[in-house]
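Atoms considered below: every heavy atom in the structure, side chains included; atoms not considered: hydrogens, waters and symmetry mates. Lettering of chains follows the sequences in order, A, B, ..., and the numbering in each one begins at 1. No experiment lies behind these values; they were computed from the predicted model shown.
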There are 2 protein chains.
Amino acid sequence: MKRRGGGRGKRDELRRARGIVTLEDVARAAGVHYSTVSRALDPSKVWRVNAVTRKHVEAVARRMGYQRDMVASGLKRGRTHTVAVVVADLGNPFIAPVLRGIANRLESAGLMSLIGETQDESKRLARILDHLLSRRVDAIILTAARLSDGPALRRISRKGVPVVLAVRDVPGIRMPSCTNDELLGGRLAAEHLIGLGHRRLAQLRGPRDVSPTVERAQGFSKAVAAARAVEIVVRSTATTPTPDEGRRLMRLLLDGRQPPPTAVFAHHDLMALGAMALTVERGLSCPDQVSIMGFHDLPQVDRVTPPLTTVREPSEELGRIAAEMTLAILGSPDQSPASRRLPPTLVVRESTAAPPGQRPAVLDPIGETVRKST
Amino acid sequence: MKRRGGGRGKRDELRRARGIVTLEDVARAAGVHYSTVSRALDPSKVWRVNAVTRKHVEAVARRMGYQRDMVASGLKRGRTHTVAVVVADLGNPFIAPVLRGIANRLESAGLMSLIGETQDESKRLARILDHLLSRRVDAIILTAARLSDGPALRRISRKGVPVVLAVRDVPGIRMPSCTNDELLGGRLAAEHLIGLGHRRLAQLRGPRDVSPTVERAQGFSKAVAAARAVEIVVRSTATTPTPDEGRRLMRLLLDGRQPPPTAVFAHHDLMALGAMALTVERGLSCPDQVSIMGFHDLPQVDRVTPPLTTVREPSEELGRIAAEMTLAILGSPDQSPASRRLPPTLVVRESTAAPPGQRPAVLDPIGETVRKST
DNA sequence: CATACCTGGGCAAACGTTTGACTTGATGGT
DNA sequence: ACCATCAAGTCAAACGTTTGCCCAGGTATG
């Protein structure tokens with residue numbers, strides 16, 4: 001039986017009421033076959049149709065307000081023009097610019113971003129990834145990978161969906177990635193503090209089991225060791241980086257059996273702020289008695305007292321680049337996975353200074369140094 | 001010709017390589033018809049299939065890693081299980097919690113969120129809305145509506161896609177909305193300042209042509225008028241609320257021909273911070289000479305100097321509620337559009353005080369007052 | 001004039017689900 | 001023994017595109 005043409009049933013009425021115009025409707029109105037309409041409207045196929053018919057079809061289509069149904073198209077073509085962006089925590093201020101970079105770049109390529117939040121729970125990650133597979137997204141940009149997520153990633157990779165790692169890497173996996181150079185970030189922090197004359201340092205780590213934390217920590221520790229300075233380690237438990245967490249770790253440091261450090265490097269500005277708050281509550285002055293620095297250069301941290309020394313990462317650009325890598329893969333699927341690392345910069349403000357009883361030391365020996373006030 | 005069953009072509013090989021298992025594959029393996037598989041796996045249709053076949057089919061499906069293709073399903077059912085969230089500016093810190101509230105609530109209902117950013121440009125909004133229609137999203141949550149977007153919204157509404165307005169309302173349009181009570185927000189600000197004894201006030205408006213700005217302004221102005229105090233108006237130009245914008249407007253105020261106000265209400269914390277910076281640069285003290293307050297209670301504004309008095313809005317909850325309204329509409333499409341307004345709360349900190357040469361006045365007469373330090 | 005070739009367009013089979021209609025065999029009532 | 005009822009499955013037509021293939025005419029070539 002023929003499905004097309006002829007009398008329109010109540011189904012058609014319904015569709016029309018919802019304002020949905022199909023290829024067939026346009027074809028009927030234009031007096032051509034619907035495949036011709038399809039071609040006339042597809043830039044990559046227009047050459048199959050005569051210029052004058054094309055003009056005509058285009059006019060009719062525009063007049064009727066035709067819009068290609070991306071769902072049907074997606075089913076047929078196997079391309080949904082959708083990329084999923086998976087983040088750990090939408091509440092974390094530093095993820096916003098990344099998201100923005102991604103969404104804007106993708107949109108300018110005609111793709112849209114589906115977003116999912118894992119809260120750093122493996123269960124949720126797994127559920128979300130399954131969901132995304134089921135939706136046949138064209139690719140996944142994963143900013144929420146934990147070091148232990150390797151197996152899950154391999155599983156999904158085997159399903160044939162391209163995955164691009166952003167922000168967080170997971171070593172030993174064959175996937176393109178775009179991350180900050182956290183090793184350098186940690187080193188910049190350490191060398192800044194050491195350059196000021198500090199010899200007893202500590203770091204407040206971020207969430208465990210994610211690459212930025214371990215790399216940043218490693219970069220810091222190595223630089224401290226290289227300078228023959230002392231690092232006081234504080235056992236960090238897995239959690240999200242909040243001011244409260246910063247307080248907690250700082251308390252451990254101040255109440256520990258070892259004499260407290262004169263300089264503290266927090267892996268997240270929020271933790272640094274918490275640590276700072278606790279420090280002044282204890283009657284200690286920052287930076288006179290304890291130098292504290294953070295990470296990420298969140299908005300407004302230049303406005304707290306004292307303005308926070310921190311390390312800035314090019315978040316929006318990172319997002320943009322991750323999106324671009326994704327587009328590249330969609331363009332030519334089987335290239336070997338590239339890997340980009342973006343360099344962070346040190347932002348010196350006033351929460352760090354020479355240790356008590358010591359004159360200000362030499363300038364920073366390495367790294368680009370930025371003095372920023374807005 | 002029969003399409004199903006029998007010899008598998010190279011197409012099937014390809015599908016298998018990508019790890020895509022279809023109903024048909026499962027059916028073949030389970031020895032039943034694929035429609036039976038479809039029903040066995042659809043909770044709302046299981047009653048049509050015998051318990052033992054169901055178990056069997058389920059087992060086979062799980063073993064083969066079958067995942068329903070949501071694209072195909074969406075095409076057939078007309079439901080994509082996707083909701084679009086359109087925001088004006090992903091970089092604006094106060095949108096993050098809203099987004100989070102929405103995404104989480106939707107996800108717990110099995111929907112996912114597509115995100116789009118308009119940058120407050122009508123062109124982009126139009127383009128994005130078209131795109132979304134084309135993707136057949138189930139609904140649109142619009143946090144980026146401008147007052148002048150009425151026509152565009154009506155157009156899209158006629159297409160039959162439910163639109164829920166969040167954060168920004170557009171009056172005179174028949175759409176459900178979930179917004180903050182900005183009128184109250186403005187009033188809270190005004191009454192706080194007036195309660196401190198100020199008689200010459202000013203406000204630094206946010207982006208023009210959006211409902212929060214005009215309502216907040218109106219709430220403020222009315223309360224000022226009611227108290228027979230003076231409002232010094234500063235002409236605000238359309239823009240995004242940044243510290244720089246705050247500086248600019250504050251400069252206008254200080255350099256104006258009228259004597260400057262003793263209290264300033266900025267529609268956005270970032271603008272307040274900018275205004276504060278300019279104020280101290282001019283050698284004026286905040287709050288001793290000028291009281292400055294903001295809006296939104298962004299993270300960290302309690303840590304600047306002086307800690308910022310502001311108005312807090314329940315952003316994440318607003319997002320959650322907007323999502324819930326959306327779900328309600330998807331559940332029963334033609335209910336009359338509801339409208340929720342959430343009450344903001346005043347957060348008094350140290351950037352506001354009695355005007356110069358006046359003793360501290362009585363307490364706030366109205367509104368919930370919160371003293372917050374973290 | 002027959003052949004090859006090109007251009008422009010129609011035909012219909014997919015893509016993977018969902019679902020109304022239909023078949024079949026078993027049960028129950030009279 | 002006969003019809004109605006019912007449970008459990010099968011059949012096949014959609015959903016709206018995309019696209020390989022075929023066909024009709026026109027033009028160039030032998």
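Following rounding to the nearest Å, B/R54 (CZ) and D/dA8 (C1') show an atom-to-atom distance of 14 Å. Regarding A/N50, its CG atom lies at a distance of 12 Å from the P atom of C/dT7, rounded to whole Å. D/dA24 atom P lies 15 Å from atom NE2 of A/H33, rounded to whole Å. A straight line from CZ of A/R79 to C1' of D/dG16 spans 20 Å, rounded to a whole angstrom. Across the protein-nucleic acid pair, B/R135 atom CZ and D/dG16 atom C1' stand 16 Å apart, rounded to whole Å. Put simply, CZ on B/R28 is 12 Å from P on C/dG16, counting in whole angstrom units. Rounded to an integer number of Å, the gap from CD of B/Q67 to C1' of C/dG16 is 14 Å. One can place CG of A/L23 at 15 Å from C1' of C/dA12, the figure rounded to the nearest angstrom.
Dashed line: the shortest gap from a side-chain N or O of B/S38 to OP1 or OP2 of C/dT18 is under 4.0 Å. In this model, the phosphate group of C/dT19 is not approached by any side-chain N or O of B/Y34 to a distance below 4.0 Å at OP1 or OP2. For C/dT18, the OP1/OP2 oxygens have no side-chain nitrogen or oxygen of B/K45 closer than 4.0 Å.
Interface remark: the B/R39 side chain does not form any donor-acceptor pair with the D/dG9 base, using a distance-only criterion of under 3.5 Å.
The listed nucleotides are D/dA8, C/dT19, D/dG16; the one nearest the side chain of B/S35 is C/dT19. Side-chain proximity of B/K76 to D/dG9, C/dT17, D/dT19: nearest is C/dT17. For A/V32, taking side-chain heavy atoms from C-beta onward, the closest of the listed nucleotides D/dT17, D/dA12, C/dG10 is C/dG10. Looking at the side chain of B/S73, the nearest of the listed nucleotides C/dG10, D/dT10, C/dT17 is C/dT17. Distances were taken from every side-chain heavy atom of B/R48 (C-beta onward) to each of C/dT17, C/dG10, C/dA21; the shortest belongs to C/dA21.
Using a cutoff of 4.0 Å between basic side-chain nitrogens and carboxylate oxygens, B/R39 and B/D42 are not scored as salt-bridged.
Counting heavy atoms from C-beta outward, A/M325 and A/I141 have side chains that stay 4.5 Å or more apart.
For A/R340, the CZ atom is loosely surrounded, since the number of other residues' heavy atoms within 6.0 Å does not exceed 12. Heavy-atom neighbours of B/R155 CZ from other residues, nucleotides or ligands within 6.0 Å: at or below the threshold of 12.
Under a 3.5 Å cut-off, the side chain of A/D138 and the backbone N or O of A/H81 do form a donor-acceptor pair.
Toward the 5' end of DNA chain D, the nearer of the two residues B/R77 and B/T36, judged by each one's closest nucleotide, is B/T36. Along DNA chain C, the nucleotide nearest to B/D42 and the one nearest to B/L75 differ in position, and the one closer to the 5' end is contacted by B/L75.
A/R168 pairs in a salt bridge (charged side-chain N to carboxylate O under 4.0 Å, His left out) with only one of the listed residues (A/D89, A/D149, A/D120), which is A/D120.
Using a 4.0 Å heavy-atom criterion, one finds that A/R68 contacts the sugar-phosphate atoms exclusively. Contacts of A/V71 with the nucleic acid, taken as non-hydrogen atoms under 4.0 Å apart, are absent.
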